[in-house]
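Naming convention: chains lettered A, B, ... in sequence-line order (proteins, then strands); numbering from 1 in each chain. As the structure is a prediction and not an experimental result, all values here were calculated from the model.
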Number of protein chains: 2
Amino acid sequence: MARRGPNNGGEKRDRILRAAVKIFSRKGFFNSKVSEIARAAEVADGTIYLYFRNKDDLLISLFEEKMGEVVADVRRRIAVGGNALEKLRIFIESHMDLLERESGLVEVLQVELRQSTKFLKDYTPVKFFEYLEIISDILEEGKREGVLRPDLNTSIARRAIFGALDELSLTYILSRKPKYHPSVTAAELCRLLLEGLCVPGASAGKG
Amino acid sequence: MARRGPNNGGEKRDRILRAAVKIFSRKGFFNSKVSEIARAAEVADGTIYLYFRNKDDLLISLFEEKMGEVVADVRRRIAVGGNALEKLRIFIESHMDLLERESGLVEVLQVELRQSTKFLKDYTPVKFFEYLEIISDILEEGKREGVLRPDLNTSIARRAIFGALDELSLTYILSRKPKYHPSVTAAELCRLLLEGLCVPGASAGKG
DNA sequence: TCTGAGTGAATGGAGATTCATTCACAAGGG
DNA sequence: CCCTTGTGAATGAATCTCCATTCACTCAGA
C-alpha cells in the first residue's frame, strides 16, 4: 500500500509521479536517481519517502495508477463502438493515440513494465492484465456476432495483437523522425489483423 | 571493439559469455553482479576485463554475437523453404523453437535488448536489424510471387509480425506452466497472420 | 629468466535511504 | 487579540551499503 500521503489532496504526490514518468522515460529506471526525480518534482529527496516506500514502490505505483487511467479511458471509448470489429479498431486507435498525447508514459510502460514483471518479486501487473482482458472480450464478442472466426484461439490472438501494437509503438518512440503518423500505423495494423497478409482467397480456405 | 582475447582460441571468453547469458536472464542486467558472472564462469573477476571493456560491453558483445548466430541459423533454415508462405512459417517456427533450445538467450534478448536500444548511447543493434530485415525480404518475395497482398506495407507488417512473435515468446517465458507448446503457438500465429481474424469472406474484400 | 594470462583483494564513487532539524500553521490561554 | 506551545509535513546533508573496476602480484610455459 503506497502510504496515503500527508498534505492536502495529494497534489505533491502527484507532482512526484509526473516527475517520475518524465525521468524514467528519459533515462530508464536504473539510470534514474531519486534525487533527480525530486528535483524535477521540486521537492526534497526525503519527501518522496513520505509518499512511497522506496524507489521500486514509486515505479510500481506509477504502473498501476497510470495504467489504471489508461484502462478506464479505453473502456470509455470502446463503449460507443457498435460491433466487435469497430471496437477492435477503436482499441488500436486509442493505443496509438496515447502515444502522441502521453509518449513519456507509454515509454515507461513499454520499456520498464517488461523488466519489472520479470524481476520484481511479488509484483503482479494487475492493471496490465485488465488491458489484455479488454482485447479478449472484444474477440469473444466478435465470435458471438459471427464476424470473427469461431475457431480463433483467443488467448493467443490477444497476445499477438498486443505484441504487434506494442512493437509498433516502440518503433515510433525510438525513431527520432517517425516514418508514419500513429494513425496511419493504426489503420494499417487493423487491416493486417482483419484481412491477413494473403491476397484475398489465396492460400487459406481453398488450397 | 571487444578486445580480442588472450588465451587459446578464446574458450574462456566463451565461458564468460555463456555465464553472462545465464545470470542476465535470471536476474536482469542491472541486478547482476560482475562477480556473479565470474563465479558462474569459474573465472576471476578481473579476467572478465581482459576480454570485455566493461559490463556494458559484455552485454553488447553478447547481443551481437548471439544474435548473429541466431540470424545465421534462421537464414540457413529459410533457404530450404519453397515459396514465401513456407518461409514465413519456417521463420516463425524457428523463433519459437529457439525458445525451447535456448530460453535463457531469448530472455536476455527479449528483455534487455529493448532497454539497451533505448538507453545505451551509441549502440545500434545491427544484428537485430538484420533479423527484422529477413522478415521484410520474405514479405517482398511473397508480393512478387503474388501470394501476399501487393498493397501490404512491408515495414509496418514486419514490425507487427516481430512484435506478435516477441510477445508470445515473452508470455511463454514468464509463465511457469505454459498453456501451449511453442509449436502450437507458432501454428496458430501463422494462421492468424495469413488469414486474419475475420471469417472467410466477411468484412474484407467484398463487404 | 622473461612474458603475459590470470587472479582477487582493495579502492573509489555512486546513490538510496535516513533522520535531526526547520517551519507553517492551529489551538488554547491570558 | 497576541503569545505560547504542539503537531506533523517537508527538508537535505550525512550515512551506509554495494559493486564495478583496478592493479600489484603469481606462476606456468617458453
B:Y131-B:F91 aromatic ring centre distance below 6.0 Å:
yes

Taking NZ from B:K27 and C1' from D:dC18, how many angstroms apart are they, rounded to a whole number?
13 Å

Identify, with sequence neighbours excluded, every residue that meets ring pair (Phe, Tyr, Trp, His ring centres under 6.0 Å) alongside A:F119.
none

Would you mind reading off the distance between A:R39 atom CZ and D:dG12 atom C1', rounded to a whole angstrom?
13 Å

In whole angstroms, the gap separating C1' of D:dG8 from NZ of A:K12 amounts to 13 Å

The side-chain hydrogen bond (donor to acceptor under 3.5 Å, both in side chains) partners of B:Y180 (sequence neighbours excluded) come to A:N153, A:S155

Donor-acceptor contacts, no H, no angles, side chain residues 34-44 of chain A, under 3.5 Å, sequence neighbours left out:
unit_1: A:E36; atom_1: OE1; unit_2: A:K33; atom_2: N; d: 2.9
unit_1: A:E36; atom_1: OE2; unit_2: A:K27; atom_2: NZ; d: 2.9

Just the rounded figure in Å: distance from C1' of C:dG6 to CZ of B:R13.
17 Å

Provide, to the nearest angstrom, the distance between the CD1 atom belonging to B:I48 and the P atom belonging to C:dG6.
12 Å

Distance check needed: D:dC18 P versus B:E36 CD, whole Å only.
13 Å

Please give, in whole Å, the distance from D:dA10 C1' to A:E42 CD?
15 Å

Qualifying residues under salt bridge (Lys or Arg N to Asp or Glu O under 4.0 Å), relative to A:D137, sequence neighbours excluded:
none

Reading nucleotides 9-19 of chain C from the 5' end, what letters show protein touch, with B for base, S for backbone sugar-phosphate only, - for no heavy atom under 4.0 Å?
------SSBB-

I'd like to check the side-chain hydrogen bond (donor to acceptor under 3.5 Å, both in side chains) partners of B:D45; sequence neighbours left out, ordered by chain and number.
none

